[in-house]
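Below is one structure; the comments refer to it alone.
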Amino acid sequence: MDLSIPPHFKTHFAELFHQAASAITAVEPTLRVELARTKQASHGDYSCNLAMQLTKSLHNNPREIAQSLIAHLPDSPYIEKIEVAGAGFINVFLKNTAKQQYLKYVLQSREMFGHSTLGNGKKVQVEFVSANPTGPLHVGHGRGAAIGASLSNILSAAGYAVSREFYVNDAGRQMDILTLSTWLRYLELDNIQIPFPSNAYQGDYVKAMAELIYQAHGQRYVHQPESLLQDMPIAAQGAEMDTDERLDQLIANAKKILGEDYAYIHNFVLTEQLGDCRNDLMEFGVEFDTWFSEQSLFDNGLVAHTIELLDKRHFLYQQDGATWFRSTRFGDEKDRVVQRENGQFTYFASDIAYHLNKFERGFDQVINIWGADHHGYIPRVKGALQALGVDPAKLEIALVQFAVLYRNGKKASMSTRAGEFVTLRELRQEVGKDAARFFYVMRKSDQHLDFDLDLATSQTNENPVYYVQYAHARVCSVLAQWDGDRADLAEVDAAALINPAELGLLQKIIDYPDVTEIAAKELSPHLIAFYLRELASEFHSYYNSTRFLVPEISVQHARLALIASIQQILSNGLRLLGVSAPDKM
RNA sequence: GUGCCCGUAGCUCAAUUGGAUAGAGCACCAGCCUUCUAAGCUGGGGGUUACAGGUUCGAUCCCUGUCGGGCAUGCCA
């Protein structure tokens with residue numbers, strides 16, 4: 001029996017069943033032969049529902065088909081027995097030796113265990129965070145960052161060539177507001193008091209940037225307030241003073257007064273915020289390959305070019321002085337403006353150019369991680385791609401729901417503009433990187449996440465992060481006390497692993513590559529988090545029931561090989577999630 | 001009003017995308033440290049999967065309707 005290269009058992013069996021089906025009947029190409037892990041030990045290790053799927057086309061009862069499939073199944077060295085059960089399930093029992101030998105594969109693969117060639121080198125771009133660089137990242141961005149980074153790691157491990165990208169919205173009105181806000185704070189430093197608009201950026205970081213400019217350049221950017229306040233729309237009696245119109249007029253005046261200097265301040269605050277953002281994310285274990293500037297799309301003429309392309313393909317029309325894209329042709333609720341009455345391109349226009357550019361850069365697949373509040377935006381972007389001749393299925397949008405912080409059982413408030421929000425940095429300082437990363441991906445991405453700060457900081461068994469890390473540290477501790485060479489464990493004959501806890505753990509270990517593949521296919525990092533908790537749980541239980549450093553060497557080595565494999569997987573899995581795997585706790 | 005998402009144990013959530021008796025963690029109750037880390041373990045109660053129909057060998061999952069919640073519905077980004 002050759003077990004030197006243990007297979008993915010699921011795929012291995014699926015191939016066998018496919019052959020068996022082909023021997024019985026002409027198999028339709030659409031037929032999916034899949035094995036499922038069983039929930040009950042009495043059902044074996046894997047079950048196949050192929051017989052039931054074939055019931056209709058073969059006009060026979062599933063149990064008879066199952067018998068026939070079994071009769072035509074090629075031999076496999078890994079199968080102990082195989083039987084028909086229930087309505088027509090085919091249950092496969094794995095040989096204990098196959099499970100035991102699997103440890104060699106784990107221990108030889110080391111950090112590569114759980115990696116696969118699923119992606120076949122396909123170029124995938126994952127775009128995430130992409131927050132406006134107008135202030136510190138808050139806890140909402142944190143979830144996108146954690147999910148995007150983990151997902152990128154998972155896809156990379158699954159054999160995709162992943163490129164992580166941050167789209168920098170450096171071209172829009174929000175940047176102008178930040179520039180204005182900073183300049184107003186700067187003027188205050190020179191004792192020029194202009195009422196600070198309530199709809200400008202309030203945070204202390206704005207004042208900090210103003211101080212930096214003042215320290216470096218003194219009064220160079222000081223101008224008298226009269227010119228700044230000219231042409232201001234007169235607010236009606238009792239009406240809101242700080243309207244968007246007034247803010248825009250302030251920006252326009254600032255641009256006029258400052259001239260070339262406006263660009264300096266604009267560029268300064270952008271660089272400052274981007275640097276802060278990059279730094280913040282790096283400390284969160286999140287790094288990007290590309291920081292893509294929205295402004296560059298305008299500078300290179302790509303926006304205008306893209307709009308021209310749409311026009312050539314007759315997907316644009318003029319109405320009310322604006323240029324509209326016929327997104328209703330592609331299932332959108334209404335057509336969308338790409339160029340405003342005042343000649344300005346909309347954000348949507350640059351976004352079309354951006355997405356076209358992504359595919360022109362040769363990505364086979366593009367994944368956008370968006371806040372769930374952007375879901376209404378999907379049809380128009382996909383529509384635009386389709387209009388430009390790009391298969392919209394190549395763009396996958398993963399929606400991430402907001403995280404809501406809870407402290408002492410109470411919601412912690414966060415409003416973005418008012419400057420009261422909880423920043424990602426504060427969260428990291430409070431709960432630590434590991435807990436934050438783990439908690440963020442503990443739920444399915446498109447589900448709301450209640451982030452319990454008290455739980456994340458608790459140093460008790462309630463905290464799932466520590467629970468998993470503790471399992472890892474425990475193994476390390478045992479291996480440290482063992483005086484052998486760890487490399488030898490990869491050659492151990494694990495035949496002594498025969499009790500139910502050990503066989504259960506072996507099967508759990510065998511499951512890991514399936515979990516990483518499914519997580520990659522379904523863009524679901526939370527599956528890794530769940531798996532790690534289950535593995536840790538089974539390990540802790542085993543730890544409490546069984547001694548590893550026993551006198552009998554064959555048993556001792558077998559058990560050490562088992563827990564060393566567990567340690568390897570915990571380490572690999574935590575790495576995917578960006579969580580550290582400490583040797584000691 | 002319309003569109004999308006959601007509704008699973010007291011709470012927070014899973015469920016290999018249509019599979020077998022729906023699972024974890026908190027919380028609650030009762031136990032386990034002279035033994036490789038008690039940040040751990042063992043046992044216990046907890047459910048008409050919001051509700052009503054439909055599709056089929058089989059439904060938490062698919063379809064229809066009702067109720068309840070979230071988001072979206074800009075010539076903002």
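Residue numbering restarts at 1 for every chain, and letters A, B, ... go by the order of the sequence lines. From a predicted model like this one, the values you see are computed outputs, not experimental measurements.
Taking atom P in both B:rU16 and B:rC11, the straight-line distance is 23 Å, to the nearest Å. Only the P atoms considered, B:rG1 is 15 Å distant from B:rG65, to the nearest whole Å. Between B:rA24 and B:rA9, the distance separating the two P atoms is 16 Å to the nearest Å. Taking atom C1' on both B:rA14 and B:rC6, the two are 15 Å apart, rounded to the nearest angstrom.
Within the 6.0 Å centre-distance limit, the rings of A:Phe548 and A:Tyr542 are counted as a close aromatic pair. You'll find the ring centres of A:Tyr406 and A:Phe451 outside the 6.0 Å limit. Here A:Phe89 and A:Tyr46 keep their ring centres 6.0 angstrom or further from each other. Between A:Tyr531 and A:Tyr512, the distance from one ring center to the other falls under 6.0 angstrom.
As rounded to whole Å, 11 Å separates atom C1' of B:rA72 from atom CD of A:Gln401. Nucleotide B:rG70 holds its P atom 18 Å from the CG atom of A:Leu399, rounded to whole Å. Computed from coordinates, the A:Glu34 CD to B:rG18 P distance equals 10 Å when rounded to whole Å. A straight line from CD of A:Glu538 to C1' of B:rC41 spans 14 Å, rounded to a whole angstrom. The separation between A:His448 atom NE2 and B:rG70 atom P is 9 Å, rounded to whole Å. Atom CD in A:Glu83 sits about 17 Å away from atom P in B:rA20, given to the nearest Å.
The A:Lys584 side chain lies nearest to B:rU37 when the options are B:rU12, B:rU16, B:rU37. With B:rC57, B:rC41, B:rC4 as the choices, the nucleotide that has an atom nearest any side-chain atom of A:Asn544 turns out to be B:rC41. Ranking B:rC41, B:rU12, B:rC36 by closeness to the A:Asp450 side chain, first place goes to B:rU12.
Side-chain atoms of A:Tyr167 and A:Asn368 form no donor-acceptor pair, as typed in the model, at a separation below 3.5 Å.
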Under 3.5 Å, which protein N or O atoms sit close to an N or O of nucleotides 73-77 of chain B? Give each pair with its distance.
| unit_1 | atom_1 | unit_2 | atom_2 | d |
| --- | --- | --- | --- | --- |
| B:rC75 | OP2 | A:Lys334 | NZ | 3.2 |
| B:rC75 | O2 | A:Glu341 | N | 2.8 |
| B:rC75 | N4 | A:Asp320 | O | 2.7 |
| B:rC76 | OP2 | A:Arg340 | NE | 3.4 |
| B:rC76 | OP2 | A:Arg340 | NH1 | 2.8 |
| B:rA77 | OP1 | A:Arg340 | NH1 | 3.2 |
| B:rA77 | OP2 | A:Tyr347 | N | 3.0 |
| B:rA77 | O2' | A:Asn132 | OD1 | 3.2 |
| B:rA77 | O2' | A:Asn132 | ND2 | 3.1 |
| B:rA77 | N1 | A:His374 | NE2 | 3.4 |

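Across all strands, A:Phe530 comes closer than 4.0 Å only to sugar-phosphate atoms, never to a base (heavy-atom distances).
Here A:Lys39 does not reach the OP1 or OP2 of B:rG19: none of its side-chain N or O atoms lies under 4.0 Å away. A close approach under 4.0 Å does not occur between any side-chain nitrogen or oxygen of A:Arg37 and OP1 or OP2 of B:rA15.
A donor N or O paired with an acceptor N or O is found under 3.5 Å between the base of B:rU17 and the side-chain atoms of A:Glu522. Looking at A:His375, its side chain comes within 3.5 Å of the base of B:rG3 through a donor and an acceptor atom.
A donor-acceptor pair under 3.5 Å is absent between the side-chain atoms of A:Ser524 and the main chain of A:Leu527, judged by distance alone.
Geometric assessment of A:Arg474 against the ring of A:Tyr543 yields a positive cation-pi assignment under the 6.0 Å and 45° thresholds.
Between A:Ser445 and A:Pro525, the closest side-chain pair of non-hydrogen atoms falls below 4.5 Å.
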